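Computed from a prediction, not measured in an experiment: that's the story for all the values here. So you know, we letter chains A, B, ... as the sequences are listed, proteins then strands, and number each from 1. Only this structure's heavy atoms are used, side chains among them; waters, hydrogens and symmetry mates stay out.
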Number of protein chains: 2
Amino acid sequence: MPHARLAVSTVIFALSPDEGAERPSLRLPLVRRLREPGLGRWALPGGWLPVDEALEAAAARTLEETTGLAPAHLEQLYTFGAVDRSPGERVVSVVYWALVHSDEVEQAVADENVQWFDEDELPPLAFDHLAIIGYALSRLRTRLEYSGLAHAFLGETFTMAELRAVYEVVLRKRLDPANFRRTMETSGALVDTGERKSGTPHRPPALYRFDPRAAPPRMPFAGSR
Amino acid sequence: MPHARLAVSTVIFALSPDEGAERPSLRLPLVRRLREPGLGRWALPGGWLPVDEALEAAAARTLEETTGLAPAHLEQLYTFGAVDRSPGERVVSVVYWALVHSDEVEQAVADENVQWFDEDELPPLAFDHLAIIGYALSRLRTRLEYSGLAHAFLGETFTMAELRAVYEVVLRKRLDPANFRRTMETSGALVDTGERKSGTPHRPPALYRFDPRAAPPRMPFAGSR
DNA sequence: CCAAAAGTGTTGCAGGTACACCCATGC
DNA sequence: GCATGGGTGTACCTGCAACACTTTTGG
């Protein structure tokens, strides 16, 4: 008797390194499909679930295999299981989404079969992966607001403007610098390192660090009573 | 070569019919396990995923098979896939959670192998099902607040006090009647039927109905841009 | 009339938005 | 000194929590 096959895929987000003075953009890596179904189209990194590997571990492994990077944040998104989502075979995909530090993206793997795409310049995608990416984007946007997740995009220290740029790119809207600063300061998640970033054409901004005590919220089993 | 097996389970919530004048309580049906592993313990309704059935359809079907009821709300919760969560065999469970109308619960099936339990009087549970129920409870609580989901517990018409009772039981805290009324009225999700419920020992309360235009928010693919 | 729930009004606090304004640096 | 982003102060608005108060029924 036939079964559904179980796959694990990951939507990986990073900010493009800000070459030049332009705004950074939200990017994600995709892999080219080398066999049917969907040959030649692009797809999310992933693969079949090994019997002896946890779901999250499988997501982290395929992330590492395709990009060479380790996730700064990794979280389950949704499980997609429509009967006809893959032609010829029943496939259920447990999908994760991940954030990686932007300054590591330069070292990330990219060849003719693995490429990074801008969030609004996606190529033709295999299966239902376009809808999955859309859902992952909406989840990223809501999560960013009610938990300080932006640090997963940034390095060890950062300026207030860099942090604000993360929010502006992800939320796709301009934020008031004054109010943004206050919101972040009163949230208690930031620590002023005392250092300043010099070399800017203007007044040198303070460098901040994330308060390690403000741990990122773990997903399940938080409210078990 | 072995694969992980795919199961679908559902956490089903209902309010106990308010027999007497006591507060209603949150209840859920469990099934007794008739074989190893976990023989004799109680477990969530569910089963193996058929190749030709969608995930949500499988959840709705097992819900109907164990309780005889149709879900007023059904939504994917999380997919659990730790390697050792089921002894002897690798099982990945896609878990849904559901709400059913409280006034139908009386007609619900219940025999020696299917019983309804109060949320804080749970019996010994098989596998990781206790943790799953805890997670479902936390999700129910947060969802209730930012989307008018309470109507899934209620019948066609209801009083403001009945609606408030749903919130109070689920959120486990007392709510101010005056402020609760205003919050609901300004939300625009309620329609005054003009009728009043008579036979109460005191001033007869107005009967409300949910505005059908205020549709429940569909889960995935909302923000695909 | 009285008890008790239904329903209305008012006040005050907290968080967020808009925007005016000062500060420090490179050129 | 001047342009520019860094950083501070403040007024206003809105939503909500608290709570006093009026209304309407059954006994």
(message) Has A:R139 got a side-chain atom pairing as donor or acceptor with A:L77's backbone, closer than 3.5 angstrom?
(response) yes
(message) From the set C:dA6, C:dA18, C:dT8, return the single nucleotide nearest to any side-chain atom of B:E185.
(response) C:dT8
(request) Would you kindly give the CG-to-P distance between B:D176 and C:dT11, to the nearest whole Å? (result) 17 Å
(message) Ignoring hydrogens and geometry beyond distance, is the side chain of B:R203 in donor-acceptor contact with the base of C:dA5 at under 3.5 Å?
(response) no
(request) Report yes or no: does A:T10 contribute a side-chain atom to a donor-acceptor pair with the main-chain N or O of A:P45 at less than 3.5 Å? (result) no
(request) Assign the ring pair A:F180 / A:Y167 to parallel, tilted or perpendicular, where the plane angle (0 to 90°) is split at 30° and 60°. (result) perpendicular
(request) Would you mind classifying the nucleic acid contact of A:A161 as base, sugar-phosphate or nothing, using non-hydrogen atoms under 4.0 angstrom? (result) sugar-phosphate
(message) Whether the B:T193 and B:T157 side chains hold a donor-acceptor pair (N or O, under 3.5 Å, no angle test) is what I'd like checked.
(response) no
(message) With a 4.0 Å limit, can you tell me whether A:R181 has a side-chain N or O closer than that to the phosphate oxygens OP1/OP2 of C:dG16?
(response) no
(message) With a 3.5 Å distance limit and no angle check, can you tell me whether B:R141 reaches the backbone of B:L171 through a side-chain donor-acceptor pair?
(response) no
(request) Report which part of the nucleic acid B:A206 touches: base, sugar-phosphate, or nothing (heavy-atom distance under 4.0 Å, all strands). (result) sugar-phosphate
(request) Starting at CG of B:L149, measure out to CG of B:L144 and round the result to the nearest 0.5 Å. (result) 6.0 Å
(request) Using heavy atoms to find the nearest nucleotide of DNA chain D for A:N179 and B:R196 separately, return the residue whose nucleotide is more 5′. (result) A:N179
(message) Measure NE2/B:H202 against P/C:dA4 and give the value in whole Å, please.
(response) 7 Å
(request) Indicate yes or no: at least one non-hydrogen side-chain atom of B:W42 is less than 4.5 angstrom from one of B:F117. (result) yes
(message) Reading DNA chain D from 5' to 3', where do the contacts with chain A start and stop? Cut-off is 4.0 Å to heavy atoms.
(response) D:dT4 to D:dT10
(message) For a quick check of understanding: with a heavy-atom distance under 4.0 Å over all strands, which category does A:T183 fall into, base, sugar-phosphate or nothing?
(response) nothing
(request) Please report, rounded to the nearest Å, how far the C1' atom of C:dA6 is from the CG atom of B:L163. (result) 15 Å
(message) Under 4.0 Å, counting only non-hydrogen atoms across every strand here, what does A:T186 touch: a base, just sugar-phosphate, or nothing?
(response) nothing
(request) Can you tell me the distance, in whole Å, between the CE atom of B:M184 and the P atom of C:dT8? (result) 16 Å
(request) To the nearest Å, give me how far apart CZ (B:R182) and P (C:dA6) are. (result) 15 Å
